[in-house]
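Okay, so here's the structure we're looking at.
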Amino acid sequence: MNRVYLSLGSNMGNRESNMNKAVALLVSHGIKINSASFIYETEPWGSPDQQNFYNRVIDISTELKPVDLLKTVQAIEKKMGRKRSEIRYAPRPIDIDILFFENLIYTSESLKIPHPLIHLRRFVLIPLADIAPGLRHPVLGKTVTELLSRCDDDNAVTRLL
């Protein structure tokens with residue numbers, strides 16, 4: 001089984017329900033949920049003129065290979081009503097990002113592992129620190145706690161649930 005960390009975000013409709021449905025759909029695809037962070041309400045990153053997000057990070061185990069996991073999460077996003085747009089960081093009912101996949105460093109046209117923006121986003125680092133504060137970034141060599149202490153992102157991240 002591969003240990004993977006996923007980031008979930010939603011800023012359309014019932015944001016909490018959307019994240020719960022995404023987790024249920026992941027489980028229906030044979031993915032085991034090991035742990036989940038608290039849910040946070042966060043200011044939108046990259047495109048501020050939209051509703052705040054709910055964000056969380058989950059620790060999963062899966063037999064899927066990275067590209068197959070990407071196809072699975074994209075199928076879940078589509079099933080939940082996400083429409084890919086030319087507008088980067090557009091509002092969406094669900095967004096699922098692969099943050100880490102074991103200690104793998106992987107780059108293709110469609111997928112980069114670890115996610116290349118982890119260290120720039122408090123809305124990822126704070127929930128990731130809930131469940132894996134000592135996890136070491138395989139490229140940057142820093143723990144999640146260290147990355148969070150150096151993160152310049154000043155968007156509000158408020159713990160809800």
Side-chain angles (χ1 to χ4, degrees), residues 1-11 15-46 52-77 80 82 89 92 94-108 110-161:
M1 291 288 257
N2 298 302
R3 186 104 180 247
V4 181
Y5 292 88
L6 301 177
S7 174
L8 280 65
S10 174
N11 78 332
R15 297 168 290 175
E16 182 181 354
S17 176
N18 289 343
M19 291 202 312
N20 291 337
K21 182 176 181 181
V23 169
L25 288 168
L26 288 164
V27 169
S28 76
H29 282 85
I31 293 168
K32 179 181 182 273
I33 310 299
N34 299 318
S35 62
S37 72
F38 294 104
I39 295 174
Y40 293 84
E41 184 168 20
T42 65
E43 292 179 333
W45 191 93
N52 283 353
F53 278 81
Y54 277 16
N55 289 99
R56 86 175 332 164
V57 171
I58 58 174
D59 167 5
I60 67 166
S61 294
T62 181
E63 296 286 348
L64 295 172
K65 292 181 172 31
V67 173
D68 295 325
L69 179 59
L70 177 64
K71 289 177 186 173
T72 299
V73 300
Q74 287 177 337
I76 290 169
E77 290 174 336
M80 291 184 60
R82 178 164 182 184
Y89 309 122
R92 48 211 175 267
I94 195 69
D95 181 45
I96 306 171
D97 288 334
I98 301 170
L99 301 176
F100 295 104
F101 194 107
E102 295 287 341
N103 284 322
L104 182 68
I105 299 169
Y106 177 88
T107 301
S108 73
S110 61
L111 179 61
K112 290 183 172 89
I113 299 173
H115 191 288
L117 301 177
I118 291 170
H119 64 290
L120 302 176
R121 296 173 163 179
R122 290 179 71 237
F123 72 86
V124 170
L125 290 169
I126 290 173
L128 185 57
D130 285 346
I131 59 174
L135 180 67
R136 192 166 297 279
H137 193 294
V139 174
L140 302 176
K142 305 282 186 222
T143 66
V144 170
T145 300
E146 291 169 329
L147 292 173
L148 181 56
S149 73
R150 291 168 169 79
C151 183
D152 292 333
D153 177 13
D154 62 359
N155 281 4
V157 178
T158 306
R159 185 173 130 185
L160 298 176
L161 310 165

key: 4.5 Å side-chain heavy-atom contact, Leu125 and Val144   = yes
task = Please round to the nearest 0.5 Å and tell me the distance separating atom CG of Leu160 and atom CD of Glu16.
result = 8.5 Å
message = Could you check whether any side-chain N or O of Asn2 sits under 3.5 Å from a backbone N or O of Glu102, counting only pairs where one atom can act as donor and the other as acceptor?
response = no
task = Flag the pair His137 / Phe100 as yes when at least one side-chain heavy-atom distance between them is below 4.5 Å, and no otherwise.
result = yes
ask   = Would Val139 and Ile105 satisfy side-chain contact (heavy atoms from CB on, under 4.5 Å), going step by step from the backbone distance to the final call?
value = CA-CA 7 Å; Val139 174; Ile105 299 169; 3.9 Å; yes
remark   = Closest non-hydrogen atoms of Leu70 and Ser110, given as atom of the first, atom of the second and distance, are CD2-O, 3.5 Å
ask   = Can you check whether Asp59's main-chain N or O pairs, donor with acceptor, with Ser35's side chain at less than 3.5 Å?
value = no
key: Flag side-chain contact, heavy atom, 4.5 Å: Glu41 against Arg15   = yes
request  = Take His29 and Leu64, measure what side-chain contact (heavy atoms from CB on, under 4.5 Å) needs, and give me the verdict at the end.
outcome  = CA-CA 10 Å; His29 282 85; Leu64 295 172; 5.7 Å; no
remark   = Closest non-hydrogen atoms of Leu148 and Ala129, given as atom of the first, atom of the second and distance, are CD2-CB, 4.4 Å
ask   = What do the steps show when you test Asp95 against Asn11 for side-chain contact (heavy atoms from CB on, under 4.5 Å), and what is the final call?
value = CA-CA 9 Å; Asp95 181 45; Asn11 78 332; over 6 Å; no
request  = Carefully, step by step, assess Met80 and Arg92 under the rule side-chain contact (heavy atoms from CB on, under 4.5 Å).
outcome  = CA-CA 9 Å; Met80 291 184 60; Arg92 48 211 175 267; over 6 Å; no
remark   = Shortest non-hydrogen pair, Ser10 vs Asn18, comes out as OG-ND2, 3.0 Å
request  = Apply the side chain to side chain contact (heavy atoms under 4.5 Å, CB included) test between Tyr5 and each candidate in Ile98, Leu99, Ile60; give the one that qualifies.
outcome  = Leu99
query = Under the criterion side chain to side chain contact (heavy atoms under 4.5 Å, CB included), which of Asn103, Thr62, Leu135, Asn34 is the partner of Arg3?
reply = Asn34
message = Is the shortest side-chain heavy-atom distance between Asn155 and Phe123 below 4.5 Å?
response = no
ask   = Below 4.5 Å, heavy atoms only, C-beta onward: do Val67 and Lys71 meet side chain to side chain?
value = yes
request  = Give a yes or no answer on whether the side chain of Arg56 reaches the backbone of Ser37 with a donor-acceptor pair at less than 3.5 Å.
outcome  = yes
request  = Determine the minimum heavy-atom distance between Leu8 and Met19, stating which atoms define it.
outcome  = O-SD, 3.7 Å
request  = For residues Ile131 and Ile58, determine if any side-chain heavy atom of one lies less than 4.5 Å from a side-chain heavy atom of the other.
outcome  = no
key: Exercise: identify the closest heavy-atom pair between Gly9 and Phe53   = C-CD2, 4.1 Å
query = Any side-chain heavy atom of Asp97 within less than 4.5 Å of one from Arg121?
reply = yes
task = Measure across Ala22 and Ile96 and return the closest heavy-atom pair with its distance rounded to 0.1 Å.
result = CB-CD1, 4.3 Å
key: Any Leu120 side-chain heavy atom under 4.5 Å of Asp153 side chain   = no
